[in-house]
Amino acid sequence: MLGNFEYHNPTKLYFGKDSLDYLDEELKNYGKTVQLIYGGGSIKKNGIYDKVVKILKQNGKTIVEDGGVMPNPTVEKLYDGIRIARENKVDFLLAVGGGSCCDYAKAVSVSVNCKEDPWEKYYIRFEEPTCDIIPVGCVLTMAGTGSEMNGGSVITNHSQKLKIGHVFGDEVMPKFSILNPEFTFSLPQKQTVAGIYDIFNHICEQYFSGTDDNVSDYLAEGLMKSVVASSYKVIKNPTDYEARSNIMWAATWALNTLIAKGKSTDWMVHMLGQAVGAYTDATHGLTLAAVSLPYYRYIMPYGLKKFARFATEIWKVDPTDKTDEQTAAEGLSAMEKWMKDIGLTLKISELGATGDMIDGITAATLILDGGYKVLTKDEVKEILKESL
Ligand code: NZQ
Ligand code: ZN
């Protein structure tokens, strides 16, 4: 049964080949000085930077450059972004990139006018913003995180060995996001599959909970099927527009809160993956892939019916003459095959994790209680060892 909930998503989306045209219109709603946030240079190589700068200039905007946002943005980079915004009195933050740029822009937006240390305030004490927030817009170049239509902002603190996400409210979410699937054509294969698994796992995190009949689970199944089907197409042909567009749209719906409505949610794969990320700085989606199978195989008995449903609905496992255990286990094996087919890494050791890090990664793993089994720290450790 659906519980009580509120649903509102304030982010306006422009989707499709011509979606960047709408940047022109949107920019008229914001002030003159724009902090242009981007990553390590991919947008300069694929021409997106030039297109965006042209539109900013047409609108008479003063552009304040803020490039070099790294994958898994760090707290040091956040301090740098806050300094840039303060020194230039920026009116608007335009993130052009993947989840890292978009997450970073949100973190800057809530920190520029805030006297307190943002790491302590938002990522350790999980407080809400109490100062004026600078509006954020996003031109997305990588499909995966859903950051384009949610309030999530993940920051990594290497000195504290912590990678933590804060989910901010409506007022911090991008005012608009521009989603042109063609902008993802230039993604390296590794990033494409990392994004695909990130999407798939966002759906799993919201699917593997509860025993009720819930519309959110049917929506989740539809999204999962689409992601799996498109993943094979895009691996074969990275410029398959149909597949890229389906992946991009599925990513947004996988994590814009819709499919979590009326449900509790798990998020333990993300907690494990983020802790691995804090130690290795590995690509987000790959950390999730590498811990997923040991985790799901471990919790499967606690949510057996749902795992059997996952097997028959997503992986077309025939349940005839099989126990739920057998059906569910076959489903996870089919998922494993798919993960291998698209070239995902299934071991955290391949991402830089070593045996001597296990205790630290265990300590850095936050334990949540929305899934089928509340893990103990010993169980977390066993799952991590199994993932090595
Ligand atoms: O930095 P550049 O040169 O732009 O290269 C990037 C980066 O190296 C490259 N890239 C992006 N678009 C490209 C491209 N290369 C060629 N062509 C393009 N069109 O891809 C690399 C990865 O980019 P990044 O933005 O880091 O990837 P992603 O979108 O996966 O974002 C990862 C961050 O988002 C957080 C993760 O933890 C991680 O810090 N997450 C945010 C969430 C949220 N806001 O709700 C939820 C997620 O679970 C996740 O935790
Ligand atoms: Zn994720």
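Each ligand, and each atom within it, is numbered from 1 in the order the structure gives.
The one candidate from Tyr302, Tyr298, Tyr207, Phe208 that meets the ring-ring contact (aromatic ring centres under 6.0 Å, His included) condition with Phe307 is Phe208.
Side-chain contact between Thr365 and Leu375 is absent, with no heavy-atom pair separated by less than 4.5 Å.
When the heavy atoms of Ser186, Gly277, Gly68 are ranked by distance to atom 16 (C) of ligand 1, first place goes to Ser186. Residue nearest to atom 4 (O) of ligand 1, selected from Ser42, Gly195, Gly39: Ser42 (by heavy-atom distance). Taking only non-hydrogen atoms, the option from Glu205, Met142, Gln274 nearest to atom 30 (O) of ligand 1 is Met142.
Note that CG of Asp117 and OG of Ser111 are 8.5 Å apart. Values are rounded to the nearest 0.5 Å.
Under the 30°/60° scheme for interplanar angles, the aromatic rings of Trp338 and Phe200 are found to be tilted.
By the 4.0 Å N-to-carboxylate-O rule, Lys263 lies close enough to Asp217 to be salt-bridged with it. In summary, Lys377 and Glu382 do not engage in a salt bridge, as defined by a charged side-chain N under 4.0 Å from a carboxylate O.
Ligand 1 places these atoms under 4.0 Å from at least one heavy atom of His202: 47 (C), 48 (O).
At under 3.5 Å, not a single nitrogen or oxygen of Pro188, backbone or side chain, sits near a nitrogen or oxygen of ligand 1.
Looking at His270 and the Zn ion (ligand 2) together, the shortest N, O or S contact belongs to NE2. Taking the Zn ion (ligand 2) as reference, the nearest N/O/S atom within Asp198 carries the name OD1.
When hydrogens are left out, the protein atom nearest atom 45 (O) of ligand 1 is Asn150 ND2, 3.0 Å; that is the closest non-hydrogen contact.
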